[in-house]
A.B. asks: 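Mind having a look at this structure? Questions to follow.
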Amino acid sequence: MQLPPKLEAHAEHQYQQLLQQTPEVSEWSPELTQQLKAVLGFSQFVADTLLRDSALCLQLPTLLSEAQRAEHYRPRLQALLSECHDETGGQRVLRQFRNREMVVIAWRDFLSQWSLDQSLAHLSQLAEALIFETYQWQYAICCREWGTPCNAAGEAQPMLIIGMGKLGGKELNFSSDIDLIFTYPENGETQGTRRSIANAQFFTRLGQRIIKMLDQQTFDGFCYRVDMRLRPFGESGPLVMSYAALEDYYQEQGRDWERYAMVKARVMGCEMYSQYQELRQMLRPFVFRRYIDFSAIQSLRRMKSMIKSEVRRRGLSNNIKLGAGGIREVEFIAQVFQLIRGGREPALRHRGLLDTLQAIGELQLLGEPEVQQLTEAYRFLRRLENLLQALADKQTQTLPDKADDQLRLAVAMGFASWQLLLDEVQLQMSRVHAVFSDLIGEEEDEEDNLAAHFHELWDMANHPDMITLIVEQELAQADPAGVAATLMQFKQDLDKRTLGPRGREVLNRLMPKVYQAIFVHPDAEFGLARVLTLLRSIATRTTYLELLDEHPAALTQLVRLCTASPMISEQLARYPILLDELIDPQHLYNPIALDAYKTELRDFLARIPEDDMEQQMEALRQFKQICILKIAAADIADVLPVMKVSDHLTYLAEAIVEAVIHQAWLQVSAKYGEPTHLSERDGKGFAVVGYGKVGGWELGYNSDLDIVFLHDCPVDVYTDGVKEIDGRQFYLRLAQRVIHIFSTRTASGILYEVDTRLRPSGASGLLVSPVDAFEEYQRQDAWTWEHQALVRARMIYGDTPLQQAFAATRHAILSLPRDEATLKQQVVEMRQKMRDHLGGKKPGRFMLKQDSGGITDIEFLAQYLVLRYSHDKPKLTRWSDNVRIFESLLNEGVLDESQAQALTQAYTSMRDQIHHRNLLNQDADVSESKFVAERDWVTRVWAQWLL
């Protein structure tokens with residue numbers, strides 16, 4: 001072959017270098033010398049290899065004399081490895097053998113001494129020889145170290161190495177990765193050594209050694225980049241799996257792209273074919289469906305769309321594999337027919353692409369001109385790909401920019417100029433793309449580019465570089481690496497779960513919608529992890545996934561609420577039954593009317609038999625969670641101001657208290673009957689007094705219930721049941737049962753944390769107090785701080801006689817005359833004790849409740865002023881919530897308007913902040929730069945009244 005002058009000069013320079021190093025080359029025949037110079041002009045890889053390996057130069061004439069070398073690969077390699085006694089020696093043998101044979105292949109490719117079929121066959125068989133002989137060599141070594149892996153019957157177990165992609169189809173290109181899957185027939189243990197190990201452990205170690213032998217870069221280079229990501233569960237899955245585990249995976253969780261990959265799967269080593277048939281039969285129903293499967297077209301179309309986006313993002317122009325009409329499109333065309341009709345047409349089950357195209361033509365699935373065009377284009381592009389890679393043994397499908405390399409390729413392909421070659425490339429690719437478009441179409445016809453990106457985020461989660469590019473370029477996220485890591489970790493976690501075919505199918509539809517909903521939200525950085533955590537928790541519950549897939553409004557609300565509040569996202573993850581509430585936004589953002597909570601709860605419980613206490617307790621918790629979700633949703637949407645949020649939370653608690661007492665009453669009265677003093681009155685003679693936040697209509701999302709139980713049962717009353725007990729003992733049992741229903745942890749958690757320590761004499765006092773004893777205690781034994789607590793107390797459950805008795809007691813105690821100095825001292829001392837006990841100051845932060853000028857100071861001011869002035873101004877005892885107390889203090893002339901307004905504004909704004917921090921699962925503290933004016937007002941009013 002005559003080279004152009006520019007290439008000839010380069011070839012001559014390389015030849016002279018070779019002569020200096022290996023003078024024996026001068027003895028070659030003129031014909032062989034001319035061929036050598038031509039190849040040196042074409043391939044830097046061949047030149048570098050010959051310069052590095054003098055022995056190869058001596059052997060090359062002999063190597064080239066054999067027209068067919070592939071049949072000798074394995075026996076020759078086996079002989080060479082048998083003389084190696086360590087891993088380093090084995091690696092050197094493999095690399096030298098590979099490089100020598102690749103020089104021969106490149107030689108014949110560049111000089112057009114054989115057909116494309118011969119080239120691909122030699123490349124594929126060389127890789128198979130290197131893989132399988134490495135396996136056999138390492139298997140023997142591993143058996144000596146750890147014993148021979150055997151099944152339960154004591155039969156030795158091999159490891160099968162399945163070649164995927166072009167290796168499986170015997171169409172490997174010159175500088176290709178090799179995609180492998182490792183598997184073995186049966187579990188068991190090794191035999192023949194003192195200490196046995198499990199087969200899975202043996203084969204994992206063997207697999208790791210094989211990869212290292214082939215993949216590790218040494219002085220002699222490497223054999224192949226080994227890619228194991230096509231195995232079940234990808235990089236997060238076990239390196240080796242048994243047949244049974246493999247079958248379970250593909251039946252339960254196999255994805256569309258794994259079907260495509262399995263079409264070309266082939267076991268390495270002809271002696272393993274009989275072993276592989278069993279596995280192939282097991283996998284055939286997964287790969288080739290019995291019915292005509294037209295869904296494959298849509299999946300392949302999406303895959304092609306992703307490849308197109310990848311080409312655009314990476315700026316891969318002139319790519320003969322991934323570009324429009326490239327090698328990948330020919331492969332897609334063949335796969336469409338294999339996957340749609342392969343279950344019914346055995347002729348379409350070939351691994352090789354050219355064989356498949358021939359079958360497509362014979363079955364008249366495409367016209368003869370189209371099949372001929374595809375075949376011609378494929379052969380042309382594959383030959384061009386091999387020569388392109390053989391220039392420098394680099395894995396590339398992008399046509400070169402350098403003029404010298406362009407010239408090399410043009411001459412090697414038989415064209416007079418680069419432009420003529422380029423014209424032919426474009427012609428061949430345009431023909432392929434015309435067939436592809438007619439058959440498969442373009443994804444963009446159905447979805448806009450943005451939607452396609454979200455499909456890619458899901459489908460390409462095993463490709464970190466691509467995910468990062470999409471997040472950075474298309475979604476413009478501030479932390480693309482962090483977002484990409486979150487997306488990939490989520491996919492890896494799901495890959496380990498047993499989701500079943502239906503679950504996988506729903507996820508494949510749902511997840512692009514989820515990603516779109518997340519990333520169009522301005523606060524996607526907060527929503528992403530929360531939504532994915534929730535989805536991870538419900539991934540095995542396909543019904544919930546289908547709910548989100550089928551109701552776009554529900555998905556939108558889910559993302560909105562989770563992005564706004566980790567508290568809500570955690571609740572939804574813990575109790576996914578709440579997802580039903582997201583379906584109707586109108587319903588979601590309109591909480592129950594304040595006066596309807598009790599009615600709604602009674603209706604909610606009515607569907608459960610009253611004697612099914614376990615389900616009744618579960619229903620109470622579910623009702624509470626549903627209501628809190630709606631209240632929080634309305635809060636986030638700014639439908640409810642802070643005062644209304646607390647009202648709703650408080651009325652909800654009161655409804656639940658009533659229902660709990662009803663359940664507890666049924667249980668206790670069923671056992672003991674009812675106290676006889678109730679026979680002539682309505683009601684239960686039992687009351688619950690709410691203190692603190694529930695007493696002041698100021699409950700937050702995470703508030704406890706501070707309550708005290710009262711009754712008015714006379715001393716000599718008994719119950720009327722078969723098992724008679726003292727009436728007061730009955731009320732004790734009732735209170736205990738109430739606490740049990742509140743605090744028992746069911747599948748839906750506890751109902752409320754309940755604190756009863758504010759009862760007379762605290763934890764050492766009676767759990768249920770008679771109303772007269774309660775009054776006596778308040779008059780004679782209660783501390784000032786207990787009277788402060790009474791300011792924020794009201795009866796949240798009880799019949800009329802008890803309501804009247806408690807109201808009278810509370811009014812009387814709050815209206816007692818008090819010495820101003822003593823009261824002031826006791827209030828201030830208690831405030832200081834609380835600050836000392838509950839302090840925990842964070843540097844640079846204002847603790848909204850406990851710091852000076854915060855909520856507790858405001859509450860103490862209200863309590864002090866009520867206790868100080870109620871003797872003269874009895875109207876001050878009417879209300880138990882701070883806002884209306886300040887209003888009363890203004891009306892009664894205790895506070896002026898500026899003070900009342902300032903305290904009210906400071907109190908409500910700080911409470912609002914706490915509410916929203918609750919939604920964000922954050923502590924009740926803010927920067928010291930916040931609420932400066934409010935704190936100043938509170939401090940000044942405090943100084944006026946209490947210093």
Side-chain angles (χ1 to χ4, degrees), residues 181 227-239 241 245-262 286 295 299 302-303 306 451-468 470-471 475 477 481-519 524 527-550 554-555 558-559 562-563 566 569-570 572-576 579:
I181 293 177
D227 193 336
M228 301 297 298
R229 289 178 297 178
L230 292 183
R231 71 185 190 268
F233 304 111
E235 289 179 301
S236 61
L239 188 65
M241 294 176 76
L246 214 59
E247 181 182 26
D248 286 347
Y249 171 81
Y250 286 119
Q251 283 187 355
E252 294 293 323
Q253 305 190 50
R255 274 73 57 88
D256 281 343
W257 67 263
E258 289 174 304
R259 285 183 63 205
Y260 315 150
M262 271 293 163
F286 166 65
S295 67
S299 297
R302 182 168 296 132
M303 285 180 66
M306 290 192 297
H453 302 327
F454 300 120
H455 278 288
E456 292 174 74
L457 285 182
W458 174 244
D459 292 332
M460 300 189 73
N462 294 324
H463 300 277
D465 54 340
M466 282 309 304
I467 294 294
T468 306
I470 295 168
V471 172
L475 304 179
Q477 292 297 299
V483 171
T486 300
L487 295 171
M488 290 183 291
Q489 186 61 54
F490 176 71
K491 188 74 174 283
Q492 287 172 15
D493 291 344
L494 290 192
D495 283 344
K496 299 173 187 175
R497 309 284 286 277
T498 305
L499 304 180
R502 179 173 148 227
R504 291 277 174 201
E505 188 178 326
V506 176
L507 270 176
N508 288 337
R509 290 197 309 268
L510 172 64
M511 288 312 302
K513 300 175 189 175
V514 170
Y515 289 150
Q516 184 160 11
I518 290 172
F519 286 109
L528 178 64
R530 295 171 194 165
V531 174
L532 295 189
T533 298
L534 185 152
L535 290 175
R536 195 180 285 113
S537 71
I538 63 169
T540 56
R541 304 170 80 168
T542 307
T543 304
Y544 290 127
L545 300 179
E546 288 176 331
L547 181 152
L548 294 172
D549 181 45
E550 293 166 9
L555 178 57
L558 173 72
V559 170
C562 290
T563 303
S569 67
E570 287 171 13
L572 290 169
R574 199 173 294 127
Y575 313 117
L579 292 172

A.B. asks: Quick one: side-chain hydrogen bond (donor to acceptor under 3.5 Å, both in side chains) partners of Y249, sequence neighbours excluded?
C.D. replies: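 Counting only residues at least two positions away or on another chain, Y249 forms a side-chain hydrogen bond (donor to acceptor under 3.5 Å, both in side chains) with R255, E258.
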A.B. asks: Could you state the interatomic distance from CD1 (I518) to CE (M511), rounded to the nearest 0.5 Å?
C.D. replies: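 Between atom CD1 of I518 and atom CE of M511 there are 6.5 Å.
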A.B. asks: From T543 OG1 over to R502 CZ, what is the distance, rounded to the nearest 0.5 angstrom?
C.D. replies: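 So the gap between those two atoms works out to 5.5 Å.
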A.B. asks: Taking all non-hydrogen atoms of both residues, which atom of A539 and which atom of L494 are closest, and how far apart?
C.D. replies: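 So the minimum-distance heavy-atom pair works out to CB-CD2, 3.6 Å.
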A.B. asks: What's the separation between atom CG in L548 and atom CZ in R509, rounded to the nearest 0.5 Å?
C.D. replies: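 Going from CG on L548 over to CZ on R509, the span is 12.0 Å.
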A.B. asks: Please give me the minimum heavy-atom distance between A517 and V559, naming the atom from each residue.
C.D. replies: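 So the two residues come closest at O-CG1, 3.5 Å.
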A.B. asks: According to side-chain contact (heavy atoms from CB on, under 4.5 Å), who are the partners of R530, at least two apart in sequence or on a separate chain?
C.D. replies: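 Here the qualifying residues are F526, C562, P566, S569.
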A.B. asks: Which atoms form the tightest heavy-atom contact between A484 and T468, and what is the distance?
C.D. replies: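 In this case the closest contact between A484 and T468 is CB-OG1, 3.5 Å.
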A.B. asks: Return the set of residues passing side-chain hydrogen bond (donor to acceptor under 3.5 Å, both in side chains) with Q489 (not counting sequence neighbours), or none when no residue passes.
C.D. replies: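 So Q489 forms a side-chain hydrogen bond (donor to acceptor under 3.5 Å, both in side chains) with D493.
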A.B. asks: Look up atom CD in E235 and atom CD in Q492, then write down how far apart they are to the nearest 0.5 Å.
C.D. replies: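 Rounded to the nearest 0.5 Å, the CD-CD separation comes out at 6.5 Å.
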A.B. asks: Between G237 and R231, what is the shortest heavy-atom contact and its length?
C.D. replies: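 Where G237 meets R231 most closely, the heavy atoms are O-NH2, 3.0 Å.
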A.B. asks: For E570, give me all partners under salt bridge (charged side-chain N to carboxylate O under 4.0 Å, His left out), at least two apart in sequence or on another chain.
C.D. replies: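 Residues passing salt bridge (charged side-chain N to carboxylate O under 4.0 Å, His left out) with E570: none at all.
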A.B. asks: Exactly one of T563, V514, V483 should register a side-chain contact (heavy atoms from CB on, under 4.5 Å) with L528. Which one does?
C.D. replies: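 Among T563, V514, V483, the one meeting side-chain contact (heavy atoms from CB on, under 4.5 Å) with L528 is V483.
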A.B. asks: With the side chain counted from C-beta on, respond yes when V471 and L457 share a heavy-atom pair under 4.5 Å apart, and no when they do not.
C.D. replies: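 Touching, per the 4.5 Å side-chain cut-off.
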A.B. asks: Got a sec, which residues hit salt bridge (charged side-chain N to carboxylate O under 4.0 Å, His left out) with D227, two or more places apart in sequence or on another chain?
C.D. replies: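 In terms of salt bridge (charged side-chain N to carboxylate O under 4.0 Å, His left out), with neighbours along the sequence ignored, D227 is linked to R229.
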A.B. asks: Going by salt bridge (charged side-chain N to carboxylate O under 4.0 Å, His left out), name the residues that satisfy it together with K513, two or more places apart in sequence or in a different chain.
C.D. replies: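 Residues passing salt bridge (charged side-chain N to carboxylate O under 4.0 Å, His left out) with K513: D549.
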A.B. asks: For E247, what residues pass the salt bridge (charged side-chain N to carboxylate O under 4.0 Å, His left out) criterion, not counting sequence neighbours?
C.D. replies: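 Partners of E247 under the salt bridge (charged side-chain N to carboxylate O under 4.0 Å, His left out) test: none.
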A.B. asks: By side-chain contact (heavy atoms from CB on, under 4.5 Å), which residues pair with P576, not counting sequence neighbours?
C.D. replies: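 If we apply the side-chain contact (heavy atoms from CB on, under 4.5 Å) test to P576, skipping adjacent residues, the hits are I538, R541, Y544, L579.
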A.B. asks: Would a 4.5 Å heavy-atom cut-off, applied to side chains only, mark Y515 and V531 as touching?
C.D. replies: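 In short, these two side chains do not touch, never coming nearer than 4.5 Å.
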A.B. asks: Can you tell me how far apart CG (L510) and OG1 (T542) are? Round to the nearest 0.5 Å.
C.D. replies: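 Those atoms lie 11.0 Å apart.
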A.B. asks: Could I get the full list of side-chain contact (heavy atoms from CB on, under 4.5 Å) partners for A529, not counting sequence neighbours?
C.D. replies: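 Here no residue qualifies.
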A.B. asks: CD of Q251 to CG of L246: how many Å apart, nearest 0.5 Å?
C.D. replies: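 That separation rounds to 10.5 Å.
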A.B. asks: What pair of heavy atoms forms the shortest contact from L230 to A261, and how long is it?
C.D. replies: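 Closest heavy-atom pair between L230 and A261: CD1-CB, 4.4 Å.
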A.B. asks: How are the rings of F490 and W458 set relative to one another: parallel (under 30°), tilted (30 to 60°) or perpendicular (over 60°)?
C.D. replies: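 Rings of F490 and W458: tilted, 30 to 60°.
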A.B. asks: What pairs with T533 under side-chain contact (heavy atoms from CB on, under 4.5 Å), at least two apart in sequence or on another chain?
C.D. replies: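 Scan of T533 (side-chain contact (heavy atoms from CB on, under 4.5 Å), adjacent residues dropped) gives R536.
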